Amino acid sequence: MAIIIDGKKVAEEIKLELKVRIDNVKNRTGKVPGLVAILVGDNPASQVYVSSKGKACNEIGMHSKVENLSANISEKELIEHINYYNKDDNFHGILVQLPLPKHINEQKIIESIIPEKDVDGFHPVNVGNLVIGKDTFYPCTPYGIVELLKRYSIEIKGKHVVVVGRSNIVGKPIANMLLQKKEGANAIVTVCHSAAEDLSRYTKDADVLIAAIGKENFITADMIKDGAVIIDVGINRVEDKNSKKGYKIVGDVKFDEVEKKASYITPVPGGVGPMTIAMLLKNTFLAFTKFLEKNYGFVIN
């Protein structure tokens, strides 16, 4: 039976650590980190997610703001809003909640955020720094995965990591992060996707399997080897007549059967999900410390 990797618990630990550091910096400088979340339209899932980010900011003493904009806003107007916050020294992190309405080019919006405030880690400059191994803002979900592996003392060096999924948000960045020749990485990484004729050929060879494909219960016990570490990034809504909401959230991994065969496994919910917000806060604090050092000469360790 696998050890359950408790992302909720680790996320709370990280938030407490950040609160102590923020309080310390506030006492020294009178300043606190600031994060603005820009929400375009009224997507219910996005509203819930942005609200939870704001709540997390408040819990640790971080200044936060939500900018609610109409779904009909033009691309030009949205970029003008972003430029305003690019210049506002009260905000050290800018987050534009995705997805955006179809008439807006997401990549253009991502590139309009200055790299110094791109706490999502999606700007091409930060992506490039990630690939070549320079310090940067890491995308929050992959960053959370790396932190979970680290805090559970799961050795990655020399291990075969198989990533199922090649998105710019999870698959590609986590593969690049675990490839780096540094502590907490240095793995042999295989990235799988829909072009694989026999996916299980790769997944059965994984010491660590990261599932990020968005298909509920897709990874089954016969697709993994005994003792594998399973990281489930999937968040899928499936019908559940026994639930008051009429649905339940499940991952990309068939948890009940895979748990019996794995050595470690992340649950859904409560695994990788809570870590995404925790690492967003960590990135925002990092942006804040860089701002203080550049503009005031304060060096925060």
Side-chain angles (χ1 to χ4, degrees), residues 1-2 4-12 15 37-59 64 66-72 95-104 106 120 139-142 144-145 148 164-165 167-171 193-194 199 203 209-224 230-262 264-281:
M1 193 69 77
I4 306 299
I5 298 175
D6 190 342
K8 191 173 181 182
K9 179 186 173 196
V10 174
E12 288 303 316
K15 287 195 283 186
I38 299 174
L39 180 61
V40 181
D42 53 5
N43 181 302
S46 293
Q47 287 177 330
V48 170
Y49 194 43
V50 167
S51 174
S52 62
K53 289 170 181 175
K55 182 183 175 186
C57 285
N58 295 334
E59 286 174 0
S64 71
V66 176
E67 183 89 54
N68 288 288
L69 302 175
S70 166
N72 298 320
L95 164 76
V96 177
Q97 185 64 40
L98 304 178
L100 292 169
K102 291 182 179 179
H103 68 279
I104 295 175
E106 286 189 358
D120 255 336
C140 301
T141 300
I145 294 170
L148 284 176
V164 184
S167 72
N168 291 334
I169 295 172
V170 181
H193 44 78
S194 57
L199 190 64
T203 58
L209 178 65
I210 300 173
I213 49 174
K215 293 184 179 180
E216 71 269 12
N217 300 320
F218 184 81
I219 302 295
T220 53
D222 62 344
M223 295 175 70
I224 72 161
I230 308 297
I231 306 295
D232 189 351
V233 188
I235 301 176
N236 307 289
R237 183 182 291 191
V238 297
E239 184 180 350
D240 182 5
K241 294 178 181 177
N242 296 320
S243 168
K244 289 182 180 179
K245 295 179 180 179
Y247 67 87
K248 64 180 178 179
I249 301 297
V250 300
D252 292 347
V253 175
K254 201 164 187 179
F255 183 88
D256 291 345
E257 63 176 57
V258 172
E259 179 195 13
K260 298 169 186 173
K261 199 171 178 183
Y264 291 85
I265 189 169
T266 58
V268 177
V272 175
M275 294 296 294
T276 300
I277 292 177
M279 304 322 281
L280 173 69
L281 301 178

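Keep in mind it's a predicted model, so treat the numbers as computed, not measured.
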Run the salt-bridge test on Lys15 and Glu12 with the 4.0 Å N-O cut-off and return the result as yes or no.
yes
Whether over 12 other heavy atoms sit under 6.0 Å from Ile235 CD1
no
How far does CD1 of Ile213 sit from OG of Ser167, to the nearest 0.5 angstrom?
11.5 Å
Is a side-chain donor or acceptor of Glu257 paired with a backbone partner of Ala221 at a separation under 3.5 angstrom?
yes
From CA spacing to verdict: side chain to side chain contact (heavy atoms under 4.5 Å, CB included), Leu209, Ile219
CA-CA 10 Å; Leu209 178 65; Ile219 302 295; 3.7 Å; yes
Close side-chain approach of Glu259 and Val253, heavy atoms under 4.5 Å
no
Verdict with reasoning, Tyr49 to Leu39, per side chain to side chain contact (heavy atoms under 4.5 Å, CB included)
CA-CA 10 Å; Tyr49 194 43; Leu39 180 61; over 6 Å; no
Where do Val40 and Gln97 land on the side chain to side chain contact (heavy atoms under 4.5 Å, CB included) test, with the steps shown first?
CA-CA 7 Å; Val40 181; Gln97 185 64 40; over 6 Å; no
Could you give me the CA-CA distance, side-chain angles and deciding distance for Asp252 and Val233, then say whether side chain to side chain contact (heavy atoms under 4.5 Å, CB included) is met?
CA-CA 7 Å; Asp252 292 347; Val233 188; 5.6 Å; no
Check: Ile230 and Ile224 side chains under 4.5 Å, non-hydrogen atoms
yes
Less than 4.5 Å apart, any side-chain heavy atom of Arg237 and any of Ile249?
yes
Do the side chains of Lys248 and Val238 get nearer than 4.5 Å, heavy atoms only?
yes
Side chains of Val164 and Leu199, heavy atoms from C-beta outward: is any pair under 4.5 Å?
yes
Note, Ile265 side chain near Asp232 side chain (heavy atom, < 4.5 Å)
no
From Ile210 atom CD1 to Thr141 atom OG1, the distance as rounded to the nearest 0.5 Å
11.5 Å
Mind listing the closest non-hydrogen atom pair of Gly271 and Leu148 along with its distance?
O-CD1, 4.2 Å
How many angstroms lie between atom CG of Leu95 and atom OG of Ser64, to the nearest 0.5 angstrom?
11.0 Å
Taking all non-hydrogen atoms of both residues into account, name the closest pair between Lys53 and Leu280 and its distance.
CD-CD2, 3.7 Å
For the residue pair Met223 and Thr203, what are the closest heavy atoms and their distance?
O-OG1, 2.7 Å
Test your reading of the model: is there a side-chain donor-acceptor pair from Asp240 to the backbone of Gly246, 3.5 Å cut-off?
no
What's the shortest heavy-atom distance between Asp222 and Lys261, and which atoms?
CA-NZ, 4.2 Å
Is Met275 close to Ile145 at the side-chain level, that is, under 4.5 Å between some pair of heavy atoms?
no
Using every non-hydrogen atom in the two residues, find where Ala71 and Pro101 come nearest and quote the distance to one decimal.
O-CG, 3.6 Å
Is any side-chain heavy atom of Pro269 less than 4.5 Å from a side-chain heavy atom of Pro274?
no
Could you tell me the separation between the OH atom of Tyr264 and the CD1 atom of Ile231, rounded to the nearest 0.5 Å?
11.0 Å
